[in-house]
Amino acid sequence: MQTIAAGQAHQSSPLRVAVVGAGLLGSSAAWQLAKRGCEVVVIEAAKRPAEGASGKSWAWLNANRKTPSHYKELNSRSMQLWHQFPDLAEFPGTISVGDARDEDPAYKSSNLSSADVSSLEPELSADARAQPMRLYSQEGFAYPAEANAHFLHQAERQGASVRLSEVAMDFHKAAGTSDAISAVMTDKGTYETDLVVLACGERTPEMAAKLGVPFRLADKPSDHVVHTKPMPRTLHHIVIGGVEPGEELFIVQRRNGAFLIAYYKGEGAHPKVVNEETGRQVLHRAARLVPALAHAEVDHIVVGDAPTPFDGLPVTGFHPACSNAYILCSHSGATLAPLLGQLVAQEIADKQPADLLQHYRPTRNFNVGSHVL
Ligand SMILES: Cc1cc2nc3c(=O)[nH]c(=O)nc-3n(C[C@H](O)[C@H](O)[C@H](O)COP(=O)(O)OP(=O)(O)OC[C@H]3O[C@@H](n4cnc5c(N)ncnc54)[C@H](O)[C@@H]3O)c2cc1C
């Protein structure tokens, strides 16, 4: 085994940080940590970034229906940061079909009349237009794989060392000292480090267990995400909703004309194995909202589960079981990646606790509860 010292631990040297996981959250944190002068090594099991949840995400940038209010605030602030990346995110606004809720004073929206809808989205079906609709003009969507690659590339440009196809297997704790980790052992070598950021997505429970931290993810039904071949421009907004009661679809047409259609709530279980029939069914449902989709051709289908801590809220910070391991795991990580990256770096590199993260500490019992997302 090779020993790779990522730097020296004495005070005048930069803080050595090993980030395990190069999804959106790990890459964003690595970028911000390297920018603040930390000596960062990113360890990623896959051959390229965005092979985990980040690459499967529909990446709707929103704070819609998010509770409690501090979590809505966290998401809203991060949405703002995405405007710095016009190549990686668009903000066309969301039309929510079947949305009869009152306006939330903390989250701007407006009711749409049928005349409004005809002018904003003339291709929506009569069934869709028969329902109440609301416009959330501040919302957008990201290109998550491209954003993930960009964040990681920026980390490298700031001096981070990125180790792809390398699996973090375990952590070494120096004998006779505190509970602190002194090195990360991978399948290829050993990285001495002052601090570890655990950004392992759905593998967080397994890696946290090695540190003595019990970590439970919520078991949510999988989302079926259909990507179509490019089509002529049809939609100008994100469209969410459904025609059947309880049915929820997310539909967006990307820059190249291809649609991303996520079917995430409705009748029956969402199996993890998908086939051509899955694609046909999702398109059939989507066509009831946007009839042009009856002629769409499936390019590929993705099945995804967002890594969601059991109580539904992010987990960010140190756990008493291990004083130098920072846990970073969240649902809505696409929305939250830019802000969480900055706040994590503020807490680690600047040693300035972030007020915005005070509700998400691993010291709370996040393994219980039933927070609804
Ligand atoms: C279908 C779907 C839809 C979603 N929709 C939205 C949405 O609309 N809006 C939104 O904001 N969020 C959404 N999310 C959630 C969001 O995408 C995730 O919260 C975010 O991508 C999590 O990023 P991450 O970096 O924590 O995890 P991941 O992207 O999963 O990255 C974790 C990485 O860690 C690596 N890893 C794990 N263990 C090890 C190890 N031992 N050694 C080395 N590497 C390791 C993995 O290979 C992986 O690359 C969605 C997610 C899914 C799946």
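These numbers come from the heavy atoms of this one structure, side chains and all, not from hydrogens, waters or symmetry mates. Remember, it's 1-based here, ligands and their atoms both numbered in the order they're listed.
- Among G201, P144, S165, S54, the residue whose heavy atom lies nearest to atom 22 (C) of ligand 1 is S54.
- Ranked by closest heavy atom to atom 47 (O) of ligand 1, the top entry among H224, E51, E44, E206 is E44.
- Ion pairing of R285 with E244 is absent here, as no side-chain N (NZ or NE/NH1/NH2) approaches a carboxylate O to less than 4.0 Å.
- Under 4.0 Å from ligand 1, the heavy atoms of A199 that appear belong solely to its backbone.
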### Task
Apply the test side chain to side chain donor-acceptor pair (under 3.5 Å) to residues S332 and K66: give CA-CA distance (whole Å), side-chain angles for both, the deciding distance (0.1 Å), then the verdict.
CA-CA 10 Å; S332 292; K66 291 184 181 170; 3.0 Å; yes
### Task
For side chain to side chain donor-acceptor pair (under 3.5 Å), just list the numbers for T228 and D299, CA-CA rounded to whole Å, side-chain angles, deciding distance to a tenth of an Å, and then say yes or no.
CA-CA 5 Å; T228 72; D299 185 72; over 6 Å; no
Please report, to 0.1 Å, the donor-acceptor pairs under 3.5 Å made by any side chain of residues 232-241, with sequence neighbours excluded.
| unit_1 | atom_1 | unit_2 | atom_2 | d |
| --- | --- | --- | --- | --- |
| R233 | NH1 | L235 | O | 3.2 |
| R233 | NH1 | Q253 | O | 3.4 |
| R233 | NH2 | R254 | O | 2.9 |
| T234 | OG1 | P232 | O | 2.9 |
| H237 | ND1 | E121 | OE2 | 2.7 |

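- Residue contacts with ligand 1 for A59 involve N, CA, C or O but no side-chain atom from C-beta outward (heavy atoms, distance under 4.0 Å).
- Residue G333 has at least one nitrogen or oxygen atom sitting less than 3.5 Å from a nitrogen or oxygen atom of ligand 1, judged on distance alone.
- Ligand 1 has no N or O atom lying under 3.5 Å from any N or O atom of E202, backbone or side chain.
- Looking at ligand 1, you'll find an N or O of L24 within less than 3.5 Å of one of its N or O atoms.
- Counting only non-hydrogen atoms, the option in L25, V225, D223 that gets closest to atom 25 (O) of ligand 1 is L25.
- For D305, every heavy-atom contact with ligand 1 shorter than 4.0 Å involves the backbone, none the side chain.
- Those atoms of ligand 1 with a heavy atom of M207 less than 4.0 angstrom away are 41 (N).
- Distances shorter than 4.0 angstrom do not occur between any heavy atom of C329 and any atom of ligand 1.
- When the heavy-atom distances from atom 14 (N) of ligand 1 to S57, A262, G304, S28 are ranked, the shortest goes to S57.
- Residues passing the salt bridge (charged side-chain N to carboxylate O under 4.0 Å, His left out) test with D116, sequence neighbours excluded: none.
- Both F85 and M79 are part of a single hydrophobic cluster, where members link through side-chain heavy atoms under 4.5 Å apart.
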